[in-house]
Amino acid sequence: MPIPILQTKLYTPPLATLVPRPQLVARLSDSLQSKLILVSAPAGFGKTTLISPWLQQLDSPAAWLSLDEGDSHEQRFLRYLTAALQTILPARGESLLATLQQTENPAVESILVLLLNDLATVDERLVLVLEDYHVAATPEIGWIVTYLLENAPPNFLLVITTRVYPELPVSRLRVRSQLLELQADDLRFSTDEVRHLLNQLRHFGLSADELLVLHTQTEGWAAGLPLAALSLEHETERTAFIENFRGTHRYVTEYLMAEVLQ
């Protein structure tokens, strides 16, 4: 019996109340002609909340695939890859998906050739996002993604978000000016973005000095700032709290335990 596709893995995450990041969005939009946009940073640096709203403003069709550990199997990865692309190209890939559903060990390269040939028949630019690539990254999956990058038509852009730098032909793409890389230092919030989050969106009314201290204490870590904000809502001595906010705070520790150490 064919294993069904979990459709929610193909949904672009919904927009939330966000801090505008026009400089990063401009860098993404200026790289539409690249082959790969690689957003690599540890947990909580705002990778998804950067890419998701950017996709909403694109004129190009964009497909989304949230990966999990089960996708480290080649056949399953190919099935979900095909299903994701079908969300923007519904008239293509039906026979390919049927083959993947019915064949126990399909020839991976043959499947990729059929998929890429389908993409090559489309005139407009296509964008595919692989979210959380690190959870499925194996040498076999790396080979598939490398094959896609090296043989994709000029209208195809792959976007990868990952916590671990991937083993892909990044150097080759960099030399060819076909790569945009965003890493942790690019994603850190500036003091102006901290001010927007805490004073304009959360209405804390913090002073410039308090904002500067909190920016220093969190090192611009996107997840650290909302966690600090949760505690600020219940603090009467805000200045003392901000000066002592550390990675040992309970909310931060719980987040790190759940999202990183586990």
Residues Arg188 and Asp185 bridged, charged N to O under 4.0 Å
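Answer for the salt bridge query: yes.
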
Ion pair present between Lys47 and Asp132, side-chain N to carboxylate O less than 4.0 angstrom?
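No, no charged N to carboxylate O under 4.0 Å.
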
List for me each residue that meets side chain to side chain donor-acceptor pair (under 3.5 Å) alongside Asp192, sequence neighbours excluded, and say none if there are none.
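If we apply the side chain to side chain donor-acceptor pair (under 3.5 Å) test to Asp192, skipping adjacent residues, the hits are Arg195.
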
Kindly say whether [Y] contributes a backbone atom to a donor-acceptor pair with the side chain of [X] at under 3.5 angstrom?
X      : Y      : value
Asn199 : Gly205 : yes
Thr121 : Asp118 : yes
Ser31  : Ser34  : no

Is [X] linked to [Y] within one hydrophobic cluster, defined over Ile, Leu, Val, Met, Phe, Trp and Tyr using a side-chain heavy-atom separation of less than 4.5 Å?
X      : Y      : value
Val113 : Leu148 : yes
Val213 : Leu198 : yes
Val164 : Leu65  : no
Leu58  : Leu24  : yes
Val135 : Tyr165 : yes

Taking atom types as modelled, find out whether Thr161 and Glu131 have a side-chain donor-acceptor pair closer than 3.5 angstrom.
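On atom types as modelled, these side chains do not qualify, holding no pair under 3.5 Å.
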
Any side-chain donor paired with an acceptor under 3.5 Å for Gln178 and Arg172?
no

Where [X] and [Y] come nearest, the two heavy atoms and their spacing:
X      : Y     : result
Arg163 : Pro42 : CG-C, 4.3 Å
Thr162 : Leu38 : CG2-CD1, 3.9 Å
Ser52  : Pro13 : OG-O, 2.7 Å
Ala222 : Gly46 : CB-N, 4.1 Å

Count the heavy atoms belonging to other residues, nucleotides or ligands that lie under 6.0 Å from [atom1] of [X], then report whether that count exceeds 12.
X      : atom1 : value
Glu140 : CD    : yes
Gln57  : CD    : yes
Gln56  : CD    : yes
Asp59  : CG    : no

Could you please spell out the steps behind the side-chain contact (heavy atoms from CB on, under 4.5 Å) verdict for Tyr147 and Leu116?
CA-CA 10 Å; Tyr147 192 94; Leu116 290 168; 3.8 Å; yes

Are [X] and [Y] packed together at the side-chain level, in the sense that at least one heavy-atom pair is separated by less than 4.5 angstrom?
X      : Y      : value
Glu150 : Lys35  : no
Leu180 : Arg27  : yes
Ser29  : Trp54  : yes
Leu115 : Leu85  : yes
Val127 : Pro61  : no
Leu168 : Val145 : yes
Gln7   : Leu10  : yes
Ile51  : Thr12  : no

Measure from NZ or CZ of Lys9 to the centre of the six-membered ring of Tyr80 and say whether it is under 6.0 Å with the direction within 45° of the ring axis.
yes

Could you measure the distance from the [atom1] atom of [X] to the [atom2] atom of [Y]? Nearest 0.5 Å is fine.
X      : Y      : atom1 : atom2 : value
Leu158 : Tyr133 : CG    : OH    : 9.0 Å
Asp71  : Arg76  : CG    : CZ    : 4.5 Å
Thr8   : Leu6   : OG1   : CG    : 3.5 Å
His215 : Leu211 : NE2   : CG    : 10.0 Å
Leu187 : Phe45  : CG    : CZ    : 7.5 Å
Thr87  : Leu89  : OG1   : CG    : 8.0 Å

For a side-chain contact (heavy atoms from CB on, under 4.5 Å) check, start with the C-alpha distance between Ile88 and Trp64, then their side-chain angles and the critical distance, and finish with the verdict.
CA-CA 10 Å; Ile88 55 176; Trp64 188 282; over 6 Å; no

Apply the test side-chain contact (heavy atoms from CB on, under 4.5 Å) to residues Asp186 and Glu181: give CA-CA distance (whole Å), side-chain angles for both, the deciding distance (0.1 Å), then the verdict.
CA-CA 9 Å; Asp186 300 296; Glu181 290 181 272; over 6 Å; no

Would Trp143 and Leu112 count as a side-chain contact (heavy atoms from CB on, under 4.5 Å) here? Give the steps.
CA-CA 11 Å; Trp143 185 91; Leu112 290 172; 3.7 Å; yes

